Amino acid sequence: MRAKRSFLGIIAVLAWALLAAFTTGSAHAAAVPDTHAGDRVQVAPPAPRDAGALPDRAAAVSPTISPATNWIHRAENETFDCKAGNLCLEVWDPTVSKWKVFFLYTCNRYSLSNWLNSGYYLNKQTGSVTSYFYGAQGQVLRTFSPPQVGTQDWNPVWSVRNC
């Protein structure tokens with residue numbers, strides 16, 4: 001009887017492990033919507049000059065944004081689409097040595113974590129919307145309306161409002 005219970009226990013554990021393997025998904029963000037008329041393909045810039053000043057990869061942390069939004073990684077000179085209606089933000093991800101591009105579409109105030117050194121922004125939103133970069137005390141660091149492309153030192157930026 002003991003052998004029969006052990007065998008059933010092993011079968012149950014294997015079934016549970018198999019179920020867990022097929023039900024867990026990838027940790028990457030959802031795909032960005034298809035290209036629309038007026039969209040422009042962007043090219044990821046070269047690695048930042050100050051990338052050597054970043055912590056080594058073992059101690060590095062990937063930049064994040066909250067609430068979560070779609071994002072992709074792009075290597076130097078690799079293309080990506082910043083779709084109409086988006087505010088696209090580029091920050092260097094030292095954990096993979098690539099640019100991490102965030103696509104802010106939904107109107108919100110987004111909090112930034114682990115955004116270091118220089119990066120880029122591309123405002124492809126539609127209408128007469130104004131976007132804001134905020135500092136640690138909530139002070140406005142930059143305001144801009146579409147179309148707008150620029151470089152940004154992410155160190156003092158703690159949050160972004162895309163509307």
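This structure is a prediction, so every number in the text was calculated from the model and none was measured. These values consider heavy atoms only, across backbone and side chains, with no hydrogens, waters or symmetry-generated copies.
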For this session: For residues N155 and L116, determine if any side-chain heavy atom of one lies less than 4.5 Å from a side-chain heavy atom of the other.
Result: yes

Seminar exercise, completed: What one should report as the nearest heavy-atom pair of Y110 and N162 is CE1-OD1, 3.6 Å

Problem set entry | W71 and F102 aromatic ring geometry - parallel, tilted or perpendicular at 30°/60° bounds | tilted

Seminar exercise, completed: In terms of heavy-atom contacts, T151 and R142 come closest through O-NH1, 3.5 Å

Exercise. N86 side chain to C88 main-chain N or O, any donor-acceptor pair under 3.5 Å?
Worked result: no

Exercise. Is any side-chain heavy atom of Q152 closer than 4.5 Å to a side-chain heavy atom of F133?
Worked result: yes

Problem set entry | Option passing side-chain contact (heavy atoms from CB on, under 4.5 Å) with L87 (candidates V129, L104, L122) | L104

Problem set entry | Pair S131, Q125: side-chain N/O donor-acceptor within cut-off below 3.5 Å | yes

Exercise. Have D93 and T95 got a donor and an acceptor in their side chains that come within less than 3.5 Å?
Worked result: yes

For this session: Mind running side-chain contact (heavy atoms from CB on, under 4.5 Å) on N117 and W92 for me, showing each step along the way?
Result: CA-CA 8 Å; N117 299 325; W92 186 253; over 6 Å; no

Exercise. Does any non-hydrogen side-chain atom of L112 lie less than 4.5 Å from one of V160?
Worked result: yes

Exercise. In Å and rounded to the nearest 0.5 Å, what is the CG to OG1 distance from N70 to T106?
Worked result: 9.0 Å

Problem set entry | Any donor-acceptor N/O pair, R74 side chain to T79 backbone, under 3.5 Å | yes

Exercise. Hey, is the main chain of E90 close enough, under 3.5 Å, to the side chain of W154 for a donor-acceptor pair?
Worked result: yes

For this session: Report yes if the distance between the aromatic ring centroids of W99 and F80 is under 6.0 Å, otherwise no.
Result: no

Problem set entry | Contact check, side chains of L141 and P156, non-hydrogen atoms, under 4.5 Å | yes

Exercise. Checking side-chain contact (heavy atoms from CB on, under 4.5 Å) for the pair Y121/Q148: CA distance, chi angles, key distance, verdict?
Worked result: CA-CA 8 Å; Y121 64 93; Q148 179 80 32; 3.5 Å; yes

Problem set entry | T130 to S145 - nearest heavy-atom pair and separation | OG1-OG, 3.4 Å

Exercise. If you count the non-hydrogen atoms of other residues, nucleotides and ligands that lie under 6.0 Å from CZ in F144, is the total more than 12?
Worked result: yes

Exercise. Can you name the nearest heavy-atom pair linking K100 to P63, along with the distance?
Worked result: NZ-O, 2.8 Å

Exercise. In the hydrophobic clustering that connects Ile, Leu, Val, Met, Phe, Trp and Tyr at side-chain heavy-atom distances below 4.5 Å, which members other than Y132 occupy its cluster, ordered by chain and number?
Worked result: Y134, V140

Exercise. Is there a side-chain contact between V101 and L89, using heavy atoms and a 4.5 Å cut-off?
Worked result: no

Exercise. How long is the gap from OG on S113 to CD1 on I65, to the nearest 0.5 Å?
Worked result: 9.0 Å

